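From a predicted model like this one, the values you see are computed outputs, not experimental measurements. Below, chains carry the letters A, B, ... as their sequence lines are ordered, and counting in each starts from 1.
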Protein chains: 2
Amino acid sequence: MSTPAGRPVTLADVARRAGTSTAVVSYVMNDGPRPVAPATRERVLAAAAELGYRPNRIARALRSRVTGVVGLVLADALNPYFGALARHVERALAGHGRLMLIGNADYSAERQRHLVERFLAAQVDGLVITAADADDDVAAMARTAGVPAAYLHNGPAAGQTPVVAADNEHAVEEAVAHLRAHGHRDVAFLAGPRDTGPVGRRRQVWRAATGDGGTLLRSGYSRAEADALIRRLAATGDVPRALVAATDEQAIGVLSGACAAGLPVPGRVAVVSLDGSPDSAHTAPALTVTGQPLETMARQAVDLLFTPSASPAAPRAPLIRRRSCGCEEPR
Amino acid sequence: MSTPAGRPVTLADVARRAGTSTAVVSYVMNDGPRPVAPATRERVLAAAAELGYRPNRIARALRSRVTGVVGLVLADALNPYFGALARHVERALAGHGRLMLIGNADYSAERQRHLVERFLAAQVDGLVITAADADDDVAAMARTAGVPAAYLHNGPAAGQTPVVAADNEHAVEEAVAHLRAHGHRDVAFLAGPRDTGPVGRRRQVWRAATGDGGTLLRSGYSRAEADALIRRLAATGDVPRALVAATDEQAIGVLSGACAAGLPVPGRVAVVSLDGSPDSAHTAPALTVTGQPLETMARQAVDLLFTPSASPAAPRAPLIRRRSCGCEEPR
DNA sequence: CTGAAAGCGCTTACAG
DNA sequence: CTGAAAGCGCTTACAG
């Protein structure tokens, strides 16, 4: 709706129509901070409705220094794990009445930095960062600007900013123990290219849990790269009998590579994955995973923005038994 | 960076330090609209750097009526098809120097309306909407507010707002023809619960292409529901020999259901899917799809915001031959 | 080429 | 309980 002039309706228009001041209109639109007489309130509400008044949040933000917007920097928006995390962050923010600005760093430290700069320029009320590069403590820029920030899933452990992540140690131990219970002495591990971040941590815990008893495999984090690795290994008969994949994307690549090479899962190679994003329940065969509590993680990170405190205890990722490990699938 | 007082650095601070006016500082920060003497420009730039000045985009937005932010309303952020679309929209917007506010409607008309309201209140410069409910022309609210909008993938055909979508007619015809070429006389179709939006259109085109020669199946749009359908059909031996799935999510559910039921794909049931999101290349087996040109679609929708015109021609979704239809996979 | 000043649409002390 | 007015940090005619 707009005034006859075609100009958007402002507070002043409503005040004029209701025969009162802009202060009073503001008080009724915001339910405070001063009381308003019921009769006046009614007049204001009626005027606002008649004119189709929609408050300008930008003007409000400039004056009150609260934009109602929080920025989320994602390492990789195309990865369903991060996609699910983003969805949960949006929902947690909606619970606080906040809108979400989202930006994708595509694993580039430079883009990550650029996004944080732009979000701060946009005067976000807070920043959630799933670090693309944990060596660059971009949250420090937020702190300097007085903007609360939290890392989610991955972030520099040494910095001042809290890092919310699942209990990866426990998850890896569960995964290895479960494959052992299926009778596998050697449990291989499919790691990323380098051992950084939470995925690097998973690799270390696996080594501690298996001693010298398992093969270390590496591939990029995409389905395509894990798929290619398995096909290559299949050509020489070197595919392990049991495997823990560092991420769901890699596990899904293992499944498609094994399928293409004619290697049955779990018969020829048993697989357990460590993310547990929603997708993992509907692969062929269904993936046994340690299910990261994404909703809890997202909520913890968002809550940290509004009530600053130390990093909360890392929530556990329970083992979800499905078919890929060798368990019978429930019907 | 901030002033000694701990207050954020403003244009006025920079002007004071550079010994000039705020107008001139604004001219150099924005490279216009008035010329500035080179020497003055240097002084301003130096002062800004020394103080760590970061322009307040909110203040700029209030004055200039340009926020630099565009809103994206998504029908379902957890669906990789929409996730990939969102990623492309973000990238296209970055090309125009815009940030992206994102909101998830979860297929609810009410939430979709609420998000558009909030985005308009946030004074977005434009709105891209993948409609959750094409019966409710929410873009009309944007038009009233003078904000450009475009529908992407799904939107009301009758409205004033352009709808960008792929050429679904051609895609379905290609899919059916390809399965026919593999020797299947009967080509079934897995549709959604109701025939609305582009997916409903696909169903109609399939019927036109097959006449009475194929079975119509229906399930919800989630992997889980398609998975359950196939298991149910398998129990009675009613799984078709060849199937076109309306969406990737359903096709992936078909794959996992068939795997669980011991039905080989493509041997027992050949599958072609109509989305072609990135995921579809790494399923087991890899999905043959008609690959929607998501990047082109996203770019078209975004460009429409900045240079209004009629809906562009629907880009085609080429058939991508992989394993699930019965083709040999390239090594 | 530069500066003084108005104004974008709100919120909020302050005075009544 | 209500109103007149200052001010958030910018941009941009306007005058010089």
Side-chain angles (χ1 to χ4, degrees), chain A residues 1-3 5-44 47-48 51-68 120-123 125 145-146, chain B residues 1-3 5-44 47-48 51-68 120-123 125 145-146:
Chain A
M1 198 69 60
S2 49
T3 53
R7 168 179 64 70
V9 179
T10 69
L11 246 199
D13 295 324
V14 178
R16 206 169 304 124
R17 175 141 190 158
T20 181
S21 70
T22 59
V24 167
V25 176
S26 174
Y27 298 152
V28 354
M29 296 317 288
N30 299 309
D31 259 328
R34 303 256 157 270
V36 174
T40 315
R41 157 181 225 84
E42 286 314 315
R43 283 210 322 282
V44 168
L51 295 172
Y53 172 63
R54 174 184 295 133
N56 181 329
R57 306 277 304 201
I58 293 292
R60 175 187 230 279
L62 178 60
R63 182 55 227 242
S64 66
R65 301 171 167 289
V66 182
T67 53
L120 290 176
Q123 311 299 117
D125 296 337
Chain B
M1 198 69 62
S2 50
T3 53
R7 167 179 65 69
V9 178
T10 69
L11 246 199
D13 296 322
V14 177
R16 206 168 304 123
R17 175 142 189 158
T20 181
S21 70
T22 59
V24 167
V25 177
S26 174
Y27 297 152
V28 354
M29 296 316 290
N30 299 310
D31 260 327
R34 302 257 158 268
V36 174
T40 315
R41 157 181 224 84
E42 287 313 317
R43 283 210 321 281
V44 168
L51 295 173
Y53 172 63
R54 175 183 296 133
N56 181 329
R57 308 276 305 201
I58 293 292
R60 175 187 230 279
L62 178 59
R63 181 56 226 243
S64 67
R65 301 171 168 290
V66 182
T67 54
L120 291 175
Q123 310 298 118
D125 296 337

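In this view, A:Asn56 satisfies the side-chain hydrogen bond (donor to acceptor under 3.5 Å, both in side chains) rule with no residue, not counting sequence neighbours. Residues that satisfy the side-chain contact (heavy atoms from CB on, under 4.5 Å) test with A:Arg16, not counting sequence neighbours, are A:Ala12, A:Asp13. Every residue was checked against the salt bridge (Lys or Arg N to Asp or Glu O under 4.0 Å) condition with B:Arg43, not counting sequence neighbours, and none meets it.
Distance CG (B:Asp13) to P (D:dC8): 11 Å, rounded to an integer number of Å. The nearest whole Å value for the distance from the CZ atom in A:Arg7 to the C1' atom in C:dG7 is 13 Å. Residue B:Arg43 contributes atom CZ, which lies 14 Å from atom P of C:dC1 at whole-angstrom precision. Rounded to an integer number of Å, the gap from B:Leu62 CG to C:dC10 P is 9 Å. Here the C1' atom of nucleotide C:dC10 and the CZ atom of B:Arg65 are 13 Å apart, to the nearest Å.
The residue B:Arg57 sits apart from the nucleic acid: no heavy atom pair falls under 4.0 Å.
As rounded to the nearest Å, C:dG16 and C:dT12 have C1' atoms that lie 16 Å from one another.
The phosphate of C:dT2 (OP1 or OP2) has a side-chain N or O of B:Thr40 nearer than 4.0 angstrom. The phosphate of D:dC1 has neither OP1 nor OP2 within less than 4.0 Å of any side-chain N or O from A:Arg41.
Residue order along DNA chain C, read from the 5' end via each residue's closest nucleotide, puts B:Val36 first among A:Asn56 and B:Val36.
When each of A:Asp31, A:Val28, A:Val44 is checked for a side-chain contact (heavy atoms from CB on, under 4.5 Å) with A:Val36, only A:Val28 meets the rule.
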Name the atoms and distances for all side-chain donor-acceptor pairs under 3.5 Å in residues 58-66 of chain A, with sequence neighbours left out.
residue: A:Arg60; atom: NH2; partner: A:Asn30; partner atom: OD1; Å: 2.7
residue: A:Ser64; atom: OG; partner: A:Arg60; partner atom: O; Å: 2.7

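The two atoms that bring B:Ala145 and A:Arg54 nearest to each other are CB-NH1, 3.7 Å, heavy atoms only. Annotation for A:Tyr53 and A:Thr10: closest pair CE1-C, 3.6 Å, computed over non-hydrogen atoms.
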### Letter per nucleotide, 5' to 3', of nucleotides 11-16 of chain C [B base touched, S only sugar-phosphate touched, - untouched; heavy atoms, 4.0 Å]
BBB---
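For the pair A:Leu11 and A:Ser26, the minimum side-chain heavy-atom distance is below 4.5 Å.
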### Message
Please determine whether side chain to side chain contact (heavy atoms under 4.5 Å, CB included) holds for the pair A:Thr67 and A:Arg57, giving the CA-CA distance in whole Å, both sets of side-chain angles, and the decisive distance to 0.1 Å.
### Response
CA-CA 7 Å; A:Thr67 53; A:Arg57 306 277 304 201; over 6 Å; no
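For B:Thr10, whose side chain is taken as the heavy atoms from C-beta onward, the closest listed nucleotide among D:dC10, D:dC1, C:dT2 is D:dC10.
Secondary-structure annotation of DNA chain C gives the stems C:1-3 with D:14-16, C:5-12 with D:5-12, C:14-16 with D:1-3, with a stem taken as at least 3 successive Watson-Crick or G-U pairs whose two distances both fall under 3.5 Å.
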